[in-house]
Amino acid sequence: MAPDRLLVALDVESLADAEGLLARLDGVVTGCKIGTQLFTAAGPAAVEMARKRGFRVFLDLKFHDIPNTVAGATRETARLGVFMLDVHASGGVAMMRAAAEAATRAAQDFAVPRPLVLGVTVLTSLDRRALQQEVGVAVSVDAHVLHLADRARAAGLDGCVASPREIGPLRLALGPDWVIVTPGIRSSPRTDDQTRVATPRQARDAGADYVVVGRPITAAPDPAAAAREILSRLA
Ligand code: C5P
């Protein structure tokens with residue numbers, strides 16, 4: 001896997017913290033993921049800062065709303081010049097289609113590259129029990145991930161976010177061009193709030209296109225060294 005396939009999750013509370021982290025990762029990592037914590041704290045300035053420093057950005061705001069609202073949010077996300085964004089696949093085909101179409105239109109209107117639009121399948125923090133008893137989905141995690149990814153493809157999305165454990169079946173069902181992004185990467189037994197985890201090498205071998213790693217890098221005493229170690233496993 002090429003080094004630019006590692007995206008570091010900038011789950012920090014301020015623009016200054018994000019900038020400090022990127023300064024330490026400069027020359028090691030080329031991509032980052034900005035999620036709801038940093039975006040709520042710092043807004044589009046966070047994307048601008050990362051792009052100015054030469055990092056490409058996956059803006060992970062997981063939109064889940066009515067189609068018109070998601071289309072508008074997708075348009076504004078594309079305008080920021082991010083290379084990838086996501087919506088919840090459980091929002092339905094009409095909602096996902098609205099996002100895919102909005103991304104295409106925004107790319108034309110704002111003369112930016114069209115971002116990849118991904119569908120979030122089942123959060124990597126959920127296990128079978130939580131999916132069944134709390135979310136109310138009676139099938140297995142694998143079956144539900146495959147179902148949502150299939151609907152995402154029908155809606156015209158480019159790929160999906162899933163745990164490393166579902167990559168194999170996803171690749172088989174959706175083929176080589178389907179973009180698979182996976183968080184839930186852990187090298188040690190410590191999993192934090194994630195339940196469906198795998199090591200960097202397992203994710204690579206299963207066929208992930210991008211891996212998202214947060215705390216194993218951002219909470220390490222030396223984030224650059226931690227990123228280098230993970231990159232060596234992905235190579
Ligand atoms: O710190 P950690 O490596 O667990 O971070 C994983 C990142 O991936 C977090 O930013 C989280 O929001 C995100 N994510 C996830 N599961 C998904 C989609 C995104 O953990 N299904």
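In each ligand, atom 1 is the first atom listed, and ligand 1 is the first ligand listed. We use all heavy atoms of the structure for the numbers below, so side chains are in, but hydrogens, waters and symmetry mates are not.
- Considering both main-chain and side-chain atoms, G214 comes within under 3.5 Å of ligand 1 through a nitrogen or oxygen pair.
- For ligand 1, the atoms sitting less than 4.0 Å from at least one non-hydrogen atom of A9 are 10 (O), numbered in the order shown with element in parentheses.
- Close approach to P216 involves these atoms of ligand 1, each under 4.0 Å from a residue heavy atom: 3 (O).
- Not a single heavy atom of G35 lies less than 4.0 angstrom from ligand 1.
- Nearest non-hydrogen protein atom to atom 8 (O) of ligand 1 is P183 CB, 3.4 Å.
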Stepwise side-chain contact (heavy atoms from CB on, under 4.5 Å) test for D4 and R56: CA-CA 9 Å; D4 67 350; R56 60 178 179 167; 3.5 Å; yes
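- Salt-bridge annotation for D26 and R24: absent, with no side-chain N of the basic residue lying under 4.0 Å from a carboxylate O of the acidic one.
- The protein heavy atom nearest to atom 20 (O) of ligand 1 is Q194 NE2, 2.9 Å.
- To the nearest 0.5 Å, atoms CZ (R233) and CZ (R204) are separated by 10.5 Å.
- For atom 18 (C) of ligand 1, the closest heavy atom belonging to the protein is K62 CE, 3.3 Å.
- Centroid-to-centroid, the aromatic rings of F83 and F55 stay 6.0 Å apart or farther.
- A salt bridge links D193 to R215: one of the charged nitrogens lies within less than 4.0 Å of a carboxylate oxygen.
- Using a 4.0 angstrom heavy-atom cutoff, R186 counts as in contact with ligand 1.
- Looking at R79 and E76, a side-chain N of the basic residue comes within less than 4.0 Å of a carboxylate O on the acidic one, giving a salt bridge.
- Looking at D142 and R128, no side-chain N of the basic residue comes within less than 4.0 Å of a carboxylate O on the acidic one, giving no salt bridge.
- Here's the thing with T124: one of its N/O atoms is less than 3.5 angstrom from an N/O atom of ligand 1.
- Under the 4.0 angstrom criterion for non-hydrogen atoms, V161 is in contact with ligand 1.
- Regarding atom 13 (C) of ligand 1, its nearest protein heavy-atom neighbour is K33 NZ, 3.6 Å.
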